[in-house]
Protein chains: 2
Amino acid sequence: MTADTQDLLIETTCELLWERGYVGTSPKAIQRRSGVGQGSMYHHFGGKADLARAAIERSAAQLRARADAAFGAPGGALERVAGYLRRERDALKGCPVGRLTQDPDVMADPLLRAPVEEAFAWLTGRLTGLLAQARDEGALRPGLDPAATATALVAVVQGGYVVARAAGSAEDYGRAIEGALALLGAGTD
Amino acid sequence: MTADTQDLLIETTCELLWERGYVGTSPKAIQRRSGVGQGSMYHHFGGKADLARAAIERSAAQLRARADAAFGAPGGALERVAGYLRRERDALKGCPVGRLTQDPDVMADPLLRAPVEEAFAWLTGRLTGLLAQARDEGALRPGLDPAATATALVAVVQGGYVVARAAGSAEDYGRAIEGALALLGAGTD
DNA sequence: GTCTATATGTGGATAGAC
DNA sequence: GTCTATCCACATATAGAC
């Protein structure tokens, strides 16, 4: 069926983009891993960039959906932020969206870049709102700027992947997160 | 002269690894940008991986030297940490060492990976020491774990590059850093 | 030390048969 | 819709002349 083949191609491309980035992912590799043939792939998609666009949009949508699930959990605003930060993550694999940020060919193509930019803007905006709410609830020091704090937290998550990969240890991701939560005043105590 | 050609090749490779990563950098591109010929390049280095190893070691050494300069500035320990975080950086270009962390072929090769791993371990260790000192100086809340805080700060720097690139705005890097410094209690006030 | 020639595989895609 | 054939450029070297 058409839809299944397309879906399989997109899913496979998501995986490869996550593992190897855009520059490191070839059409041939997508075909090998998905089991879809050359002709079939080019029938459904215009080429590597077209398929990557679909895959990036899917990864960005998943990022939002997963974050939304954490943000909608019960509890105070600060607890929900902490829950999002502590959510299980494949620390050594990194962020499927944030990773693309390092890919010059992705950043150079507006169609590939847009979903990445939007996902981060959305995420930072949501966190900003939750932190403002936490401040109003008295759970956060009033002197903190919600937008700057939110940007710092998004950076801790993205940088947490970097330090974890550099050390070859998923625990370093958790250490970065707990360090940030302690600074926020939302630590274990 | 031999040394100059080798140095030029290493320097050029540093630039290309920074801009395009290991996967995205070809021997031919190094030759084009450096002006060094094919035969000359393969005379001085065993190949792409060998040249990359030299370049990565140089970038890692530069990272240490620049950090050391900031850490050795006058002032209290927390001020020196803040000075390091606020140091001028090419936010949209990212970190020449942290970037390699996303490159599967670098992480898979122990010779390429080692300098990256060591640079991050060294940096985190130095920051841990400075934060412990800051705590002893009474400049930092005693409840904070220096190692976790240091890991979080390294992550903010690395993630700051990600959010800046995602937004296409160098200011987002500064926002992440200031957000973190405010959490540390080392903000503008 | 540096140059040019050559070699083999892959990247990324088009063409046309089935 | 999918397959195979074909294409040209580039990636990553090696060989041997100068």
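The sequence lines fix the lettering, A, B, ..., with proteins before strands; numbering per chain opens at 1.
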- Name all pairs fulfilling the side chain to side chain donor-acceptor pair (under 3.5 Å) condition that reach into residues 149-167 of chain B, sequence neighbours left out, sorted by first residue then second.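 Sorted result for residues 149-167 of chain B: B:Arg89-B:Tyr161.
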Qualifying side chain to side chain donor-acceptor pair (under 3.5 Å) pairs, either residue in residues 97-110 of chain A, two or more places apart: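 Sorted pair list: A:Asp105-B:Arg20.
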Report task. Give every residue pair that meets the salt bridge (Lys or Arg N to Asp or Glu O under 4.0 Å) criterion with at least one member in residues 38-51 of chain B, sequence neighbours excluded. Result ->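 Applying salt bridge (Lys or Arg N to Asp or Glu O under 4.0 Å) to every pair that reaches into residues 38-51 of chain B, excluding sequence neighbours, yields B:Asp50-B:Arg53.
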*Mind jotting down which residue pairs meet the salt bridge (Lys or Arg N to Asp or Glu O under 4.0 Å) criterion with at least one end in residues 124-151 of chain A? Sequence neighbours excluded, please.*
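Qualifying pairs: A:Asp68-A:Arg126.
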What does A:Gly39 touch in the nucleic acid at a heavy-atom separation under 4.0 angstrom: a base, only the sugar-phosphate, or nothing?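 Counting heavy atoms under 4.0 Å across all strands, the contact made by A:Gly39 includes a base.
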In whole angstrom, give the distance that lies between atom [atom1] of [X] and atom [atom2] of [N].
| X | N | atom1 | atom2 | result |
| --- | --- | --- | --- | --- |
| A:Leu51 | C:dG12 | CG | P | 12 Å |
| B:His44 | D:dA13 | NE2 | C1' | 17 Å |
| A:His43 | C:dA15 | NE2 | C1' | 15 Å |
| A:Asp109 | C:dG12 | CG | P | 14 Å |

Residue pairs passing the ring pair (Phe, Tyr, Trp, His ring centres under 6.0 Å) test where at least one lies in residues 52-80 of chain B, sequence neighbours excluded: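 Matches after skipping sequence neighbours: B:Phe71-B:Tyr84.
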Worksheet item: How close do B:Ala60 and B:Pro115 get, heavy atom to heavy atom, and via which atoms?
Response: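 What the structure gives for the nearest pair is CB-O, 3.9 Å.
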Please tell me if B:Thr5 has a side-chain N or O lying less than 4.0 Å from either OP1 or OP2 of C:dT2.
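B:Thr5 to C:dT2 OP1/OP2: side-chain N or O found under 4.0 Å.
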Give every pair of a protein N or O atom and an N or O atom of nucleotides 6-12 of chain D that lie under 3.5 Å apart, one pair per line with the distance.
from, atom 1, to, atom 2, distance (Å)
D:dA11, OP1, B:Ser26, OG, 3.4
D:dA11, OP2, B:Ser26, OG, 3.4
D:dT12, OP1, B:Lys48, NZ, 3.2

